Amino acid sequence: MGKSVQISVACPVCAGAFSPTRSGHLYCSETCRKRHHKQEKAKETKVKKARRIAAKFKKLSTTPFGKYLVRELKRAGSVEVLRGHTKTSLGSLVKLRTRCNTVSGYDEGKPRGTYELSHIYAAQGEHGLGRLHPKNLVIAPRAFNRSIGAAGSDDWLDLYVDYPLLENNWKLTPDMTAEQVLKLARKYLKEPFDDWLSSFTITASQQQTLIKKLIEQGYKQSNLIGLDLDELKELAANAEIEVYTADSDSEGAFAVLCEELARQTPNSELLSMALILKGIRWASNIDDVLFRLKEKDIKAATEFVCEQGWRRLHRMQCESEWHGIPLNEFFTGNPLESEI
DNA sequence: ACTCCCACGATCAAAGCGCG
DNA sequence: CGCGCTTTGATCGTGGGAGT
């Protein structure tokens, strides 16, 4: 121990100079020593978090939403249609997609496809790519979605990405794998993507669940791995494993319209009208509420509002009169009174 | 007086379960 | 399939008690 030797070294934490009093004396003070441990621990948790997200990311392409994302991105040909997404908006997109399936109903376990996520500014419009964002998507009847074709105006800047501004490094080619597509999307969105992924719950698909249950029953994994859902269900039936097959009717267009109007145009007059129309058949004071509209015309007027609603949601030209009656003269200012 | 250690509750993510 | 609810597991800050 060179007790008499006075060597001054820099503390690796605060960079301040100090003289070590013994070998292995690394930090200038207890505070710095602790701070150093804290930093090491923070580094460790950061690495762990990254690992957790990476594991989740691997599974993403096997989930229904992951597949949807890949499909839509490939269709667009660029991950830039994800422009402006945040953790929250990505979450909303997930919700919107599942909601679309729910209102469509299921037939033998498969979504009926009654409704589609319709682009307001067309996916591949005249001036650019419609954004894959809840702002630019509407749950709409399939027939309506298919009938409008590519549409969009060049002043809907918030809804699309200009063709000339698309960058080559964000472009996608049809031969790319799902993992490659998602990797690019993640790279493009950066932290918001990981933040969202961290909160996104990945649930095992029915296929994965069945495979697991069948293995528990003694089946060999190697025999199950290539089978599709229907084949697995058949095996499960033999093994007396209960399988649920989703089966439900699609929801009525008017109810779905009201939901979407509330989401996209919460303060519109059309929404108010639609809500009254929706509730009027349960009302005890119909006569007080109706103004120029006749009771026998309610059904036809509803259909009119429905059609105009889908058009309005797509920012298309709308008619504000039905058989000479302006929308705002359908009803008086009296609130609906429920029959119950 | 100070460090070290562990219990404790709060919080959040992941996995499991049951239902329609 | 999608949802709500529960269980399990990991992490983190606080604080008291034991030991030096």
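Since we're looking at a predicted model, the values are computed, not measured. Basis for what follows: all heavy atoms, side chains included, without hydrogens, waters or symmetry-related copies. Note on naming: letters A, B, ... go to the chains in the order of the sequence lines (proteins, then strands), and numbering restarts at 1 for each one.
- Put simply, CG on A:L182 and NZ on A:K187 are 14.5 Å apart, with the number rounded to the nearest 0.5 Å.
- Applying the ring-ring contact (aromatic ring centres under 6.0 Å, His included) criterion to A:Y121, with sequence neighbours excluded, gives A:Y160.
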Would you tabulate the pairs of protein nitrogen or oxygen atoms and nucleotide nitrogen or oxygen atoms of nucleotides 18-20 of chain B closer than 3.5 angstrom?
unit_1, atom_1, unit_2, atom_2, d
B:dG20, N3, A:Y244, OH, 3.4

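- When rounded to the nearest whole Å, the span between CG of A:L60 and P of B:dA14 equals 13 Å.
- Contact annotation for A:S248: no contact, since no heavy-atom pair falls under 4.0 Å across all strands.
- A salt bridge does not link A:R315 with A:D155: none of the charged nitrogens is closer than 4.0 Å to a carboxylate oxygen.
- Legend: residues meeting ring-ring contact (aromatic ring centres under 6.0 Å, His included) with A:H127, ordered by chain and number and at least two apart, are absent.
- Geometrically, A:R186 engages A:F57 in a cation-pi contact, judged by NZ or CZ lying under 6.0 Å from the ring centre and within 45° of the ring axis.
- Relative orientation of the A:W170 and A:Y188 rings is perpendicular, given thresholds of 30° and 60° on the angle between their planes.
- Between A:R52 and B:dA13 there is no side-chain N or O to OP1 or OP2 distance below 4.0 Å.
- Shown here are the salt bridge (Lys or Arg N to Asp or Glu O under 4.0 Å) partners of A:E329, two or more places apart in sequence or in another chain: A:R292.
- Applying the under-4.5 Å side-chain rule to Ile, Leu, Val, Met, Phe, Trp and Tyr, the cluster around A:I215 extends to A:L210, A:I211, A:L214, A:Y219, A:L224, A:L227, A:L229, A:L232, A:L235, A:I241, A:V243.
- Scanning residues 96-103 of chain A for heavy-atom distances under 4.0 Å to DNA chain C yields A:R97, A:N101.
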